[in-house]
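For this chain, numbers begin at 1 and follow the sequence in order.
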Amino acid sequence: MSTGGLSFVRRAVEAVRRTPRWQKRIVFFTVGVGTLSYACQDNRVLQINDGTGKKKLVILGTGWAGASFLRNIDTSLYDVHVVSPRNYFMFTPLLPSVTCGTVEARSIVEPIRNIVRKNGGAFRFWEAECYKIDPASKKIHCRSGDGTNVDGNGEFAVDYDYLVVTVGARPNTFNTPGVVENCHFLKEVEDAQKIRKSVMKCFEKAALPNLTEEERKKNVHFVVIGGGPTGVEFAAELHDFVNEDLAKLYPDVKKYVNISVIEAGDHILTMFDKRITHFAEDKFKREGIDLKTNFKVVKVSDKTITMSNPATGEIAVPYGLAVWSTGIGTRPIIMDFMKQVGQANRRVLATDEWLRVHGCEDVYALGDCATITQRKVMEDVDAIFRVADKDNSGTLTVKKIKDVLGDIYVRYPQVELYLKTNQMKGFHDLLKDKESEELNIEELKKALAQVDSQVKLLPATAQVAAQEGAYLADCFNRMNICEESPEGPLRIRGAGRHRFKPFRYRHLGQFAPLGGEQTAAQLPGDWIHVGHSTQWLWYSVYASKQFSWRTRMLVVSDWGRRFIFGRDSSSL
């Protein structure tokens, strides 16, 4: 070995010797974990089943509902096909964090093939967009952007035995002029990445030397239209990004920054408890975030946002970046499908309690593109009580009434939820008598009639979609078993029982990150808490809800990197 080589080795050995012990442990741990992960990887090639003797199950979409369904379905029972314009699942609750570099985009996505492979399943995936559903011939028509077929337009058709529609929704602009051309949305990873680039461009423009003070203010005026969870979380993330990171890099620009939240209603976060709403509004006002409630945006140009208020009339405000987050709308494919199945006057697809689309066979819909039709309780209550009151006496014992209510609760979970609130305290007073005593059926019907006017639809949230996907996959996994031994409630019209128990949503709570390491939590049991401790609960819950250990570790490491080094401000 040459003298130069020996010298290099000595220097290397000396550098290792001088390295602190804790740094050596970190290096050894990192290398060890990486080697173990590589050794444990399952590199088997997927054996695609040709579907002989199996029903063909086609899934449209890879969002929360579609990914949850794929994660739980037994692919050995069906010939599974997936069609989606994106080949990954995205953890949407962390999208606002991506806009400011708190979390990287690749940290919140999981390839669909990974989700199925880890379950040892076989399936076929096509990265394409379904543009038409034909329930009459049981086919879907798709279009790929690659143009790989003979005609060069990338169109193909797929037949199905069962179709699961989970295509989600699109941003709702309410036909406001200029929104599509001038506003950013926050529905996809690409949207978050565009917002991140635009934020940095606004700061770079404001830092140019040849601008007036008004031009600098315009460039760093960030407007969030919509006071829901997504809009509020983005405004909080942006505020933290500006004050914790960009203020150090752009000290001359910081004084011009203004963040505005425009909400058409009286308050922001109206789906939360009023205590959270008031806390969020007070916190935003203290931190200088401009809240404009009761303002409706009527027009957006490339330079100004025009909004109206009953007191002030129309006013135009210059801005540098606008994010539109006012709710969801129906995708064109769903609108066309609803016309075919006789649901043209609806906003989203209507399904029954088993997630089956009304008006067609073997088609299921879940997630944001559909909603469970809450049948009028009184349509079935008469039949239920008629069966229970076999001798037509007009009365039932308290014990028998409780049995009947149990049957109603299975069909209508919303009834149980409503009857247990204080509003229906009088109803439960009727049942406090001894079980042998009898009560008048008509009095019970009058009490139940109040429920129909109070029941609300399930919210379009990731939590609902994930539970629907898991429920439907479980139904498909036990299809043959429940065909022979039905486990559902008795059929009100017709003999026998339903095959499965109806879908029942279980609300696990909701979070609202408000910035400054503070989060509001509203959990079951009317448990409300806001503060730093809730932020750590938010961290733990969102980390645990990731679809894989890979994304879990990436998200946690991103949070750690942000704590130590701050957010990245490059325009990549």
Side-chain angles (χ1 to χ4, degrees), residues 90 92 94-109 170-171 173 176-208 210-211 214-228 230-262 288-290 292 297 299-307 316-326 513 515 558 562 566-572:
M90 172 184 56
T92 50
L94 287 179
L95 266 184
S97 297
V98 176
T99 62
C100 299
T102 305
V103 172
E104 292 300 321
R106 287 192 177 276
S107 299
I108 66 168
V109 298
R170 62 177 178 176
T173 65
T176 306
V179 171
V180 175
E181 297 83 359
N182 301 297
C183 290
H184 290 273
F185 300 111
L186 195 48
K187 287 285 290 179
E188 305 290 342
V189 169
E190 294 82 2
D191 296 333
Q193 291 173 321
K194 289 177 182 177
I195 291 173
R196 183 173 177 177
K197 291 180 181 179
S198 297
V199 168
M200 297 316 306
K201 285 183 179 179
C202 288
F203 270 86
E204 294 296 350
K205 285 181 181 178
L208 293 174
N210 58 340
L211 299 182
E214 290 302 317
E215 289 174 327
R216 295 185 199 279
K217 288 181 179 180
K218 170 190 173 298
N219 283 324
V220 287
H221 181 200
F222 303 101
V223 180
V224 182
I225 304 162
T230 302
V232 167
E233 186 173 350
F234 169 69
E237 279 280 354
L238 182 59
H239 180 269
D240 287 352
F241 187 29
V242 170
N243 287 274
E244 296 174 7
D245 300 280
L246 298 183
K248 304 171 186 176
L249 304 175
Y250 302 86
D252 297 332
V253 176
K254 167 64 175 66
K255 60 183 178 182
Y256 299 112
V257 175
N258 182 26
I259 301 174
S260 299
V261 177
I262 302 175
I289 297 177
D290 186 16
K292 296 183 181 297
V297 174
K299 180 182 178 182
V300 181
S301 70
D302 59 343
K303 296 180 180 179
T304 61
I305 294 175
T306 304
M307 49 188 169
V317 179
Y319 71 98
L321 177 144
V323 174
W324 186 273
S325 177
T326 60
D558 285 345
R562 195 268 296 178
R567 300 170 181 85
D568 182 16
S569 61
S570 56
S571 300
L572 292 176

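- Considering only heavy atoms from C-beta on, V232 stays 4.5 Å or farther from F234 through its side chain.
- Of the inter-residue distances, the one linking D191 atom CG with L95 atom CG reads 8.0 Å to the nearest 0.5 angstrom.
- In this structure, CD on E233 lies 7.5 Å from CG on L94, to the nearest 0.5 angstrom.
- In this structure the side chain of C100 never reaches within 4.5 angstrom of the side chain of D240, judged on heavy atoms.
- The OH atom of Y319 sits 11.0 Å away from the NE2 atom of H221 when rounded to the nearest 0.5 Å.
- Considering OG1 of T230 and CZ of F185, their distance stands at 13.5 Å, rounded to 0.5 Å.
- H239 is listed as a side-chain neighbour of I289, based on a closest heavy-atom distance under 4.5 Å.
- The side-chain heavy atoms of I195 and V323, taken from C-beta on, include a pair separated by under 4.5 Å.
- In this structure, a donor-acceptor pair under 3.5 Å is absent between the side chains of E237 and T99.
- Residues T173 and T176 bring no donor and acceptor atom of their side chains to less than 3.5 Å of each other.
- Classification of E188 and R170 as a salt-bridged pair fails, no side-chain N sitting under 4.0 Å from a carboxylate O.
- Side-chain contact between M90 and I108 is present, with at least one heavy-atom pair separated by less than 4.5 Å.
- The residues R567 and D558 are annotated as not salt-bridged, no charged nitrogen and carboxylate oxygen being separated by less than 4.0 angstrom.
- Side-chain atoms of L246 and S569, non-hydrogen and from C-beta on, do get closer than 4.5 Å to each other.
- Classification of the F222-F203 ring pair by plane angle, with boundaries at 30° and 60°, yields parallel.
- Between the side chain of S198 and the backbone N or O of K194, at least one donor-acceptor pair lies under 3.5 Å.
- Atom NZ of K187 has more than 12 heavy atoms from other residues, nucleotides or ligands within 6.0 Å.
- Although no hydrogens or angles enter the test, the distance criterion places no donor-acceptor pair under 3.5 Å between the side chain of D290 and the main chain of I259.
- Expressed to the nearest 0.5 Å, how far OG of S325 lies from CG of L186 amounts to 6.5 Å.
- Nearest heavy atoms, C202 versus L321: SG-CB, 4.1 Å.
- With salt bridges taken as basic N to acidic carboxylate O contacts below 4.0 Å, none links E204 and K197.
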